[in-house]
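Notes for the one structure printed next.
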Number of protein chains: 2
Amino acid sequence: MMNRYPNQARILVATDCIIFGFDGEELKLLLIKRNFEPEEGKWSLMGGFLKEEEDLEAGAKRILFDLTGLNNIYVEQLGAFGKVDRDPVERTLSVAFFALINIRDHDQEAVRMHNAHWISLKNKPALIFDHDDMVVLALEHLRYNAALHPIGFELLPEAFTIPQLQKLYEAIYDMQIDRRNFSRKILSTGLLIDTGAKNMSAPTKKAILYCLDKDKYQKKFYAFWYFMPSQGK
Amino acid sequence: MMNRYPNQARILVATDCIIFGFDGEELKLLLIKRNFEPEEGKWSLMGGFLKEEEDLEAGAKRILFDLTGLNNIYVEQLGAFGKVDRDPVERTLSVAFFALINIRDHDQEAVRMHNAHWISLKNKPALIFDHDDMVVLALEHLRYNAALHPIGFELLPEAFTIPQLQKLYEAIYDMQIDRRNFSRKILSTGLLIDTGAKNMSAPTKKAILYCLDKDKYQKKFYAFWYFMPSQGK
DNA sequence: ATTTAATTGTGTTTTAACGACACATTTTAA
DNA sequence: TTAAAATGTGTCGTTAAAACACAATTAAAT
């Protein structure tokens with residue numbers, strides 16, 4: 001290549017993905033039990049090196065597709081982790097990406113091939129390198145954003161009930177929310193469309209299935225929401 | 001170095017800094033009129049390459065110190081910009097950092113040496129590479145965060161009046177805020193300490209000078225604020 | 001000395017949202 | 001038929017927000 005910048009350091013760049021899922025009760029993480037070096041036998045996030053001619057976000061999506069078989073995942077960049085010694089083998093700058101998927105959607109075979117497992121956040125093992133820091137940051141990001149934007153829907157199936165949505169928010173914030181106030185607040189946004197169907201798999205009264213109004217969703221994405229109880233200033 | 005990862009691409013890593021300042025009336029950016037290659041003569045953000053043995057954040061602070069002579073600047077990482085062709089000379093991944101400084105604090109000589117200038121956001125020229133995207137993201141970040149956290153204070157002197165703070169918020173959000181409601185809202189947070197002094201440089205009624213209660217500031221940093229009018233859902 | 005204009009500090013009122021709680025409805029299983 | 005569990009809708013008191021009025025301070029103009 002011509003015209004290079006002389007005398008500057010060139011370093012490895014990787015991406016690591018913090019993948020959240022929701023099974024109806026608990027918030028889960030997709031983690032890898034490493035059967036390869038370095039740090040074989042330990043738990044880590046799914047990651048990989050960025051290729052020579054690959055855009056950063058494309059790299060993250062390649063890694064996500066590789067693991068889950070999914071193409072249209074909700075992905076956001078979390079940020080770069082750049083401590084000199086974060087990888088003991090060789091200096092590697094890692095850009096962390098945050099992904100939300102409906103836990104029933106992914107390719108179970110691909111997940112098995114990578115020796116990956118869905119682990120409840122509450123049982124999360126220690127991870128290699130600075131991956132624990134990445135998870136902490138990702139959870140903060142999820143809580144912060146889910147309070148203001150409707151990103152939580154990414155973790156649910158296409159059609160969902162209000163009680164399901166409430167359970168998701170209760171899992172994200174690890175708190176109890178009043179059923180009736182939550183319902184009123186959510187419906188007042190006008191972002192939910194009544195599909196007419198009901199959740200027939202429930203043992204008692206069947207809740208109404210809603211889907212998200214994608215148009216309004218787009219328009220309101222940058223409008224502030226206030227889902228969470230104020231918790232007192 | 002031992003145990004390297006074989007056959008992986010190593011690329012240049014840079015940091016670019018989006019530096020905001022406030023002169024009492026307008027929100028400004030510290031930009032460089034480049035008198036060096038590449039893109040000599042054009043405008044850009046202040047940036048530089050990350051060194052071999054330098055942590056990412058340390059690199060950003062080195063560059064900020066180099067330009068402003070300041071050590072204790074408010075800095076946050078914005079994120080990585082990693083398009084393959086974002087730098088036409090050679091592939092460079094850049095991590096953007098967001099900085100807020102009191103516009104009267106910096107070392108004017110150092111700024112002159114780098115051929116840097118404070119430019120009002122409304123008169124911002126086109127910048128090189130993807131620096132315009134970085135500025136757009138930084139402004140979003142500022143607006144998003146200033147609505148919830150007291151980061152705006154970083155742009156003001158130690159002691160400031162409520163009308164000055166209001167002008168800052170009006171500049172950040174490019175909107176009018178009701179003077180009386182703003183004052184009540186700010187004071188009700190309990191984060192402002194009356195210094196006893198007044199702003200004697202004002203032509204008419206001298207406003208009370210406040211300073212920030214650093215202890216409460218730290219404790220409340222993660223509590224949500226609602227400074228901005230709701231703008232209607 | 002008095003008035004005027006500009007700016008700042010404090011108070012009031014109306015409206016809307018929130019949180020806490022009551023009650024009725026739906027569905028399966030006892 | 002009744003009981004138990006979950007869902008849908010409504011009410012009420014409290015709090016916070018937005019809109020607006022008025023008084024106080026200061027320097028310059030008269």
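Only this structure's heavy atoms are used, side chains among them; waters, hydrogens and symmetry mates stay out. Letters A, B, ... are given to chains in the order of the sequence lines, protein chains preceding strands, and every chain is numbered from 1.
- In this structure, Leu165(B) atom CG and dG9(C) atom P are separated by 12 Å, rounded to whole Å.
- Met200(B) has its CE atom 14 Å from the C1' atom of dT7(C), to the nearest Å.
- Dashed line: the shortest gap from a side-chain N or O of Lys206(B) to OP1 or OP2 of dA27(D) is under 4.0 Å.
- Scanning atom types as modelled, one donor and one acceptor separated by under 3.5 angstrom connect the side chain of Lys205(A) and the base of dT7(D).
- Note: CD (Gln176(A)) to C1' (dG19(C)) measures 15 Å, nearest angstrom.
- Summarising the geometry, the separation between CG on Leu187(B) and C1' on dT8(C) is reported as 12 Å, rounded to the nearest angstrom.
- When each of dT26(D), dC18(C), dG8(D) is scored by its nearest atom to the side-chain atoms of Lys198(B), the top-ranked nucleotide is dT26(D).
- For His131(B) and Trp43(B), the distance between ring centers is not under 6.0 angstrom.
- With dG8(D), dA20(C), dG9(C) as the candidates, the nucleotide lying closest to the side chain of Asn181(A) is dA20(C).
- Look at NZ on Lys167(A): it is 10 Å from C1' on dA6(D), rounded to the nearest Å.
- Residue-to-nucleotide proximity on DNA chain D shows that, of Arg180(A) and Arg180(B), the 5′-proximal contact is made by Arg180(A).
- For dG19(C), the base has a donor-acceptor partner in the side chain of Arg184(A) [N/O atoms by modelled type, under 3.5 angstrom].
- With rounding to whole Å, Ile177(A) atom CD1 is found 12 Å from dA20(C) atom P.
- Between the P atom of dG19(C) and the CE atom of Met175(A) lies a distance of 9 Å, rounded to the nearest Å.
- In this structure, CD1 of Ile208(A) is placed 15 Å from P of dT25(C), rounded to the nearest angstrom.
- Residues Phe65(B) and His114(B) place their aromatic rings such that the two centres sit no closer than 6.0 Å.
- Here the closest non-hydrogen pair linking Ile18(A) and Ala138(A) is CG2-CB, 3.5 Å.
- Minimum heavy-atom separation, Phe97(A) to Glu57(A): CZ-CA, 4.2 Å.
- Aromatic ring centroids of Phe129(A) and Phe81(A) lie 6.0 Å or more apart.
- Along DNA chain D, the nucleotide nearest Leu209(A) and the nucleotide nearest Thr204(B) are compared for position; the residue whose nucleotide lies closer to the 5' end is Leu209(A).
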